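Note that the structure is a prediction, hence the values are computed from the model and not measured.
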Amino acid sequence: IGQNAGKLLLPTVSTYQRRAAMKIPNEDFLVNLGILAVLGIVFLVYIPSFGGELISDDIALMEGGIPELGWSIITHVQKVIGVIPPYYRPATSATLALERSVYGSYFFGFHIDNVIIYLGCILLIYLLMNQIGCSQQQSFFAMALFAALPIHVQPVCWISGRADLL
């Protein structure tokens, strides 16, 4: 008589097979759903900024501070303030000039683009955390925390805050 005499042998079932049998979504699906939920909530939170008026530096920037799309972007800052600034932000100038050529003075588009860039930053936080070796849950938590920080309201809602987003 062998060792297993009198014992009922049950087939072993992997965790994946149990989840499939119980119709429980896998972890990747749940994390992806969470990411979409965070991005959707952030988008909904910033909807009121789409119709926002110009504030502070936006007024000077939109009243002729943004050059038309072309080589004038390079000398844009020198024309506006007459001196060479201590920094140079070609990506900011280029995106604002491109938007000016698309939207004109319709500020709604500038605000939407800031929110879209911010959503991209949130997603990049998740991807960066994954890349440096964090688990999906840790990466998701870091992304959600970054998205919830109130310090990001000003660059997202303020057109001239684009430099901080980029």
Closest non-hydrogen contact found for E99 with G109 is OE2-O, 4.4 Å

Take atom CD1 in I151; do more than 12 heavy atoms of anything else shown fall under 6.0 Å from it?
-> no

For the hydrophobic clusters of this structure (ILVMFWY residues joined by side-chain heavy atoms under 4.5 Å, transitively), does one cluster hold both L44 and Y46? yes

Value for CD1 (I122) from CG (L149), rounded to nearest 0.5 Å, stands at 10.0 Å

What one should report as the nearest heavy-atom pair of Y126 and M143 is CB-SD, 3.9 Å

Given C134 and F141, is the side-chain contact (heavy atoms from CB on, under 4.5 Å) satisfied, shown in steps? CA-CA 10 Å; C134 295; F141 179 75; over 6 Å; no

So CD1 of I112 and CD1 of I116: to nearest 0.5 Å the spacing works out to 6.5 Å

One should read off an interatomic distance between L128 CG and C121 SG, to the nearest 0.5 angstrom, of 11.5 Å

Nearest heavy-atom contact between N114 and L165 is O-CD1, 3.5 Å

Would a single hydrophobic cluster contain both M129 and L36, if residues Ile, Leu, Val, Met, Phe, Trp and Tyr are joined by side-chain heavy-atom contacts under 4.5 Å? no

Given Q136 and L30, is the side-chain contact (heavy atoms from CB on, under 4.5 Å) satisfied, shown in steps? CA-CA 10 Å; Q136 285 186 329; L30 294 175; over 6 Å; no

Residues P155 and G161: closest non-hydrogen pair is CB-O, 3.6 Å

Output for pair (F140 CZ, I125 CD1), nearest 0.5 Å, gives 14.0 Å

**Q.** Steps toward side-chain contact (heavy atoms from CB on, under 4.5 Å) verdict (I47, F50)
**A.** CA-CA 6 Å; I47 283 178; F50 294 168; 3.9 Å; yes

Value for OH (Y103) from CG (D113), rounded to nearest 0.5 Å, stands at 3.5 Å

Smallest heavy-atom separation, A163 atom then T92 atom, equals CA-OG1, 3.3 Å

*Please test I35 against N32 for side-chain contact (heavy atoms from CB on, under 4.5 Å), starting from the C-alpha separation and ending with a verdict.*
CA-CA 5 Å; I35 291 170; N32 290 337; 4.2 Å; yes

All heavy atoms of L96 vs all of F110, minimum pair found to be O-CE2, 3.9 Å

